[in-house]
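Here is the structure we will look at, set down as structure tokens.
Side chains included, hydrogens not; waters and symmetry mates left out as well; all remaining heavy atoms used. Each chain gets a letter, A, B and so on, in the order its sequence line appears, and its residues count up from 1.
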Amino acid sequence: GAGVSQTPSNKVTEKGKYVELRCDPISGHTALYWYRQSLGQGPEFLIYFQGTGAADDSGLPNDRFFAVRPEGSVSTLKIQRTERGDSAVYLCASSLTPSGSGTDTQYFGPGTRLTVL
Amino acid sequence: AQSVTQPDIHITVSEGASLELRCNYSYGATPYLFWYVQSPGQGLQLLLKYFSGDTLVQGIKGFEAEFKRSQSSFNLRKPSVHWSDAAEYFCAVVDLSGSARQLTFGSGTQLTVLP
């Protein structure tokens, strides 16, 4: 079946601009995660959705970052007033059930490479 | 807080040789451990996972990993590497301290396979 998809695959923007990154999780997956992967590093957690609500946004670096999931499926990560330091690959992952146990597998999308000039 | 260390940034092996990628974790309780592989332009793919039970875990593509509590390690192994195994490999642990159960990743090991 279809995996996690993310659009666009690449996004180039100028410093100070606003960007939106989209994630389409696997159908039926209720849990959705956003991670950020900087060059030469492993992915770092940003935010977690259980259904429509952001259950944990402790990884968001500052208030320029915001994410929504209005219907409990597609999610959009929004970055205001982009800075050069925001340049990274933004990864989305989904898992089937509420991950109360921590044993659910997270399935990752291919990511969006964001470049801020 | 939990953490994961992958001591080797880059490893080069010849095709057909055996492989071991190191992973050390820092976590107070029994960790939930994962190995993912990332190829260029592709998302992270799960190779294997450990939650409990048998400390030797079998995964996809001929990979296995062994959990050693005494050494706080979860090293990934493959007896004979194929050229298609060239990729970046990430070890991760689940953060059980909050509700998100997010993954905490190591910084990765880049694997190069020589013909």
Side-chain angles (χ1 to χ4, degrees), chain A residues 2-10 23-26 30-51 53-60 67 88-113, chain B residues 1-10 21-25 27-53 57 59-60 76 87-110:
Chain A
V4 178
S5 62
Q6 293 186 246
T7 54
S9 55
N10 280 283
C23 171
D24 209 327
I26 294 172
T30 59
L32 186 146
Y33 299 79
W34 284 97
Y35 292 83
R36 179 169 70 173
Q37 186 176 17
S38 300
L39 192 63
Q41 300 296 320
E44 294 179 317
F45 169 72
L46 294 177
I47 187 169
Y48 160 67
F49 287 89
Q50 182 52 53
D56 186 338
D57 64 358
S58 62
L60 294 178
V89 176
Y90 290 82
L91 297 168
C92 177
S94 68
S95 64
L96 181 60
T97 58
S99 49
S101 67
T103 59
D104 297 317
T105 295
Q106 293 182 31
Y107 296 88
F108 283 81
T112 294
R113 182 175 299 278
Chain B
Q2 72 290 328
S3 65
V4 175
T5 302
Q6 293 181 248
D8 304 305
I9 297 173
H10 195 174
L21 302 182
R22 296 185 289 165
C23 171
N24 294 98
Y25 66 89
Y27 191 67
T30 299
Y32 293 170
L33 294 159
F34 300 77
W35 274 99
Y36 280 85
V37 60
Q38 186 176 41
S39 300
Q42 301 198 13
L44 290 155
Q45 181 182 21
L46 180 69
L47 288 175
L48 47 80
K49 55 189 178 183
Y50 172 79
F51 300 141
S52 64
V57 180
I60 62 171
L76 182 72
E88 187 148 28
Y89 292 79
F90 292 93
C91 182
V93 63
V94 171
D95 182 353
L96 294 172
S97 64
S99 63
R101 305 294 192 253
Q102 72 267 26
L103 295 166
T104 297
F105 287 87
S107 55
T109 297
Q110 181 70 45

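With rounding to the nearest 0.5 angstrom, the CZ atom of B:Arg101 is 8.5 Å from the OH atom of A:Tyr33. Rounding to the nearest 0.5 Å gives a distance of 10.5 Å between CD of A:Gln106 and NZ of B:Lys49.
Proximity to chain A (any heavy atom under 4.5 Å) is restricted, for B:Gln38, to the side chain, taken from C-beta onward. At a 4.5 Å heavy-atom cutoff, the contact between B:Leu46 and chain A is made by side-chain atoms alone. In this structure, the portion of A:Gln37 lying under 4.5 Å from any heavy atom of chain B is its side chain and not its backbone. The parts of B:Leu103 that come within reach of chain A are both its backbone and its side chain, each placing non-hydrogen atoms under 4.5 angstrom from that chain. Residue A:Tyr35 touches chain B through its side chain alone, counting heavy-atom pairs closer than 4.5 Å.
Other residues, nucleotides and ligands contribute over 12 non-hydrogen atoms within 6.0 Å of the CD atom of B:Glu88. When the shell of 6.0 Å around OH of B:Tyr50 is examined, it contains more than 12 heavy atoms from other residues, nucleotides or ligands. Remark: A:Leu39 CG is loosely packed, at most 12 non-hydrogen atoms of other residues, nucleotides or ligands lying under 6.0 Å away.
Residues A:Pro43 and B:Tyr36 fail the side-chain proximity criterion, which asks for heavy atoms closer than 4.5 Å.
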Could you walk me through whether B:Gln102 and A:Tyr48 pass side chain to side chain contact (heavy atoms under 4.5 Å, CB included), step by step? CA-CA 8 Å; B:Gln102 72 267 26; A:Tyr48 160 67; over 6 Å; no
